[in-house]
2 protein chains.
Amino acid sequence: MLHEEVVGRIRAILLDGEIPPGARIPERELCERLQISRTPLREALKVLAAEGLVQLLPHRGSRAAKLTDKDMRDLFEVCQGLEALAGELACERISDAEIGAIATAHDEMVRHYRDGDLIQYYRGNRAIHEAIVSAAGNPALTGVYASVTARIRRARYVTPMTPQRWALAVKEHEAILNALQRRDGAGLSHILRAHLRHKREEVLQAGFAETDASDLTLRIA
Amino acid sequence: MLHEEVVGRIRAILLDGEIPPGARIPERELCERLQISRTPLREALKVLAAEGLVQLLPHRGSRAAKLTDKDMRDLFEVCQGLEALAGELACERISDAEIGAIATAHDEMVRHYRDGDLIQYYRGNRAIHEAIVSAAGNPALTGVYASVTARIRRARYVTPMTPQRWALAVKEHEAILNALQRRDGAGLSHILRAHLRHKREEVLQAGFAETDASDLTLRIA
DNA sequence: TTTTACATTTTTGAATGCAAAATTTGCGAT
DNA sequence: ATCGCAAATTTTGCATTCAAAAATGTAAAA
């Protein structure tokens with residue numbers, strides 16, 4: 001299925017920041033690069049627009065969605081609510097095996113933290129949150145969560161992190177794992193809300209919305 | 001913008017149940033009816049597929065999404081989480097004017113309840129929940145909520161309602177309005193979760209997934 | 001020199017055409 | 001009469017083409 005493939009590839013291009021937020025998406029160029037015609041490309045762009053990753057301007061083409069400060073805050077709030085819900089549901093349904101897998105991922109993430117490897121830490125962090133959402137056993141929730149996090153992802157990866165905040169995040173993750181193991185839904189929901197709130201503060205403090213991806217890649221490096 | 005228009009019209013057709021869940025969507029026919037070619041129609045179908053209203057089967061065309069029992073339960077859970085989040089946020093941000101508007105809508109809804117007008121009652125009910133979401137002042141949340149509720153909508157409107165449940169729902173709504181007026185975020189969140197849980201039980205009890213829209217219209221009438 | 005009007009080019013949006021896949025139809029064998 | 005298989009038709013997916021709108025460039029006038 002060409003169309004699905006195309007959506008995935010363009011999404012990856014956008015999430016990698018290869019086309020920075022606010023930049024025009026050159027149809028012609030992408031067609032050549034992906035070796036497809038404009039029809040499936042345009043279909044893919046409309047799907048991505050529905051997902052919120054692309055802005056469509058009438059007769060003026062499409063742009064990589066540029067999120068304002070407020071947009072980021074809003075998305076984080078939704079993300080927070082979804083993760084809290086996922087945590088509660090997960091506590092009711094999660095299996096011992098799933099808890100074990102999350103514990104393993106947690107240990108790995110802590111290892112990356114000790115190594116000071118921020119990129120790998122973020123990867124592990126994301127894996128844990130996705131595992132919790134997955135453990136909720138609710139595909140509709142998983143889908144909505146994926147859509148919301150996709151829009152935030154770039155910002156989340158590039159926020160500069162102070163040692164204090166990083167240490168706090170790790171501590172919170174320990175509490176999250178603990179609540180999961182105790183299957184304490186209400187407690188987990190509470191922790192997840194606090195966790196997200198702290199993450200949100202990071203992002204806003206970084207003033208992400210004023211920058212664009214070209215800066216961000218530099219910041220990562 | 002032809003494409004936007006088309007998405008809206010097909011969405012309306014699907015939400016009206018004119019094309020029942022699980023039924024094939026005849027491209028050719030819709031093209032003639034909307035007086036457009038296949039290109040914009042197919043773009044619209046892909047957008048609706050991304051929204052979850054349409055299922056795309058490779059080389060087999062598109063169908064109006066048919067939700068299983070589990071799908072419905074899942075969507076209700078997400079809806080519940082989103083409304084709870086919206087309630088909490090609304091309590092922080094809602095203006096007196098907005099509370100007044102919701103109170104008015106509430107009174108109107110209660111009037112329809114007293115008249116035994118289920119259809120109008122549902123309409124008012126939906127307006128209140130949408131107003132709360134709107135009062136959260138979070139467009140991202142509003143968008144996600146709209147997408148999720150669109151998928152549930154048909155089921156929500158057609159569930160048979162016992163007098164007991166109906167009375168309970170009205171009581172809960174009074175508690176909701178009360179918590180809003182007190183700006184009691186935690187309390188509102190709690191009530192909304194209970195409210196949704198009750199609604200969910202109705203839907204599941206009705207065994208919606210086993211029916212299709214042609215039955216449902218009869219049930220309404 | 002700057003500005004505005006106009007022509008050219010580019011790009012977008014939609015229609016049509018074409019090849020591949022699936023469904024339906026018809027025919028023959030059991 | 002029914003089942004199986006193959007040809008024909010329909011339908012899907014993508015490429016190409018065409019028309020309209022916007023961007024660009026140029027030239028003339030102030």
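No experiment lies behind these values; they were computed from the predicted model shown. Here is the naming used below: chain letters follow the sequence lines, and residue numbers restart at 1 for every chain.
The aromatic rings of Trp166(B) and Tyr121(B) sit perpendicular to each other, their planes meeting at more than 60°, with 30° as the lower class boundary.
Side-chain contact annotation: Tyr145(A) with Glu83(A), donor-acceptor N/O pair under 3.5 Å present.
Leu34(A) has its CG atom 14 Å from the C1' atom of dC14(D), to the nearest Å. To the nearest angstrom, P of dT11(D) lies 15 Å from CD1 of Ile25(B). Rounded to an integer number of Å, the gap from Glu5(B) CD to dA14(C) C1' is 15 Å. Computed from coordinates, the Leu56(A) CG to dT11(C) P distance equals 17 Å when rounded to whole Å. Atom CD in Glu29(A) sits roughly 12 Å away from atom P in dT12(C) (whole-Å rounding). Rounded to an integer number of Å, the gap from CD of Glu43(A) to C1' of dT12(D) is 11 Å. Rounded to whole Å, atom P of dA23(D) lies 10 Å from atom CG of Leu57(A). Remark: P of dG13(D) and CZ of Arg42(A) are 18 Å apart, rounded to the nearest angstrom.
A distance of 12.5 Å separates CG of Leu85(B) from CD1 of Ile132(B), quoted to the nearest 0.5 Å.
Within the structure, every side-chain polar atom (N or O) of Arg38(A) is placed at least 4.0 Å from both OP1 and OP2 of dT12(C). Regarding contacts with the backbone of dT10(C), every side-chain N or O of Arg28(A) stays at 4.0 angstrom or more from both OP1 and OP2.
His173(A) is linked by a ring pair (Phe, Tyr, Trp, His ring centres under 6.0 Å) to His129(A), His195(A), counting only residues two or more places apart in sequence or in another chain.
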Where do N or O atoms of nucleotides 19-24 of chain C meet protein N or O atoms at under 3.5 Å, pair by pair?
residue : atom : partner  : partner atom : Å
dT23(C) : OP1  : Arg60(B) : NE           : 3.3

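Closest to the side chain of Pro40(A), out of dG13(D), dC14(D), dA14(C), is dC14(D).
Note on Arg38(B) versus Glu43(A): no salt bridge recorded, every NZ/NE/NH1/NH2 to OD/OE distance being 4.0 Å or above.
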* To do: Please lay out, stage by stage, how Ile13(B) and Ile25(B) fare under the test side chain to side chain contact (heavy atoms under 4.5 Å, CB included).
  => CA-CA 11 Å; Ile13(B) 289 173; Ile25(B) 297 173; over 6 Å; no
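For Thr39(B) against dA15(C), a side-chain N or O and a base N or O form a donor-acceptor pair under 3.5 Å.
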Would you mind writing out the side-chain donor-acceptor pairs for residues 47-57 of chain A within the sub-3.5 Å range, not counting sequence neighbours?
residue  : atom : partner  : partner atom : Å
Glu51(A) : OE1  : Arg11(A) : NH1          : 2.5
Glu51(A) : OE2  : Arg11(A) : NH1          : 2.9

